[in-house]
Amino acid sequence: MPLRMNGARLRALREDARITIKEFADKAGYTADYVSGIELGKHDTAGMPFARRAAEILGSELGQPVTVDDITDGVIPRRPYGSKKPAAPGTQEGAA
């Protein structure tokens with residue numbers, strides 16, 4: 001289930017915890033490039049395992065609860081199988 005990550009919030013909490021991207025990535029089991037990409041908005045989605053692990057690490061480091069909701073902006077709904085991609089804003093479907 002993909003989640004829309006709030007990279008700025010993740011970074012702020014990580015910095016508040018005084019841990020580097022490398023330290024955080026090592027603890028989470030991801031690469032520093034991946035974590036950096038999330039924080040910078042290059043990867044705006046992540047899976048639930050990443051979000052749960054991030055919340056666990058940050059909560060432990062900060063000494064206060066951090067939830068998945070604190071670092072995400074919600075679930076990205078998936079289109080039903082076989083459905084068409086939504087039309088671009090300002091266009092009509094089927095217009096020639």
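In this structure Asp73 satisfies the salt bridge (Lys or Arg N to Asp or Glu O under 4.0 Å) test with no other residue, sequence neighbours excluded. Among residues two or more places apart in sequence or in another chain, the side-chain hydrogen bond (donor to acceptor under 3.5 Å, both in side chains) test is passed with Thr31 by none. By the side-chain hydrogen bond (donor to acceptor under 3.5 Å, both in side chains) test, Asp26 pairs with Lys22, sequence neighbours left out. Residues that satisfy the side-chain hydrogen bond (donor to acceptor under 3.5 Å, both in side chains) test with Asp33, not counting sequence neighbours, are absent from this structure. Scored by the ring-ring contact (aromatic ring centres under 6.0 Å, His included) test, Phe24 finds no partners at all (sequence neighbours excluded).
Scanning all heavy atoms of the two residues, the minimum distance from Met5 to Ile38 falls at CB-CG2, 3.8 Å. Nearest heavy atom pair, residue Arg18 against residue Glu23, reads O-OE1, 4.3 Å. Here the closest heavy-atom approach between residue Ala55 and residue Val68 is recorded as CB-N, 4.0 Å.
The hydrophobic cluster containing Ile21 also contains Phe50, counting ILVMFWY residues as joined when their side-chain heavy atoms lie under 4.5 angstrom apart, directly or transitively. Transitive grouping of hydrophobic side chains (ILVMFWY, heavy atoms separated by less than 4.5 Å) keeps Ile71 and Leu3 in distinct clusters.
Among residues at least two apart or in separate chains, side chain to side chain donor-acceptor pair (under 3.5 Å) pairs with a member in residues 49-61 are Lys27-Glu61, Arg53-Glu56.
Between Leu58 and Leu10 there is a side-chain heavy-atom pair separated by less than 4.5 Å.
In terms of modelled atom types and a separation under 3.5 Å, the side chain of Arg14 and the main chain of Ile19 share a donor-acceptor contact.
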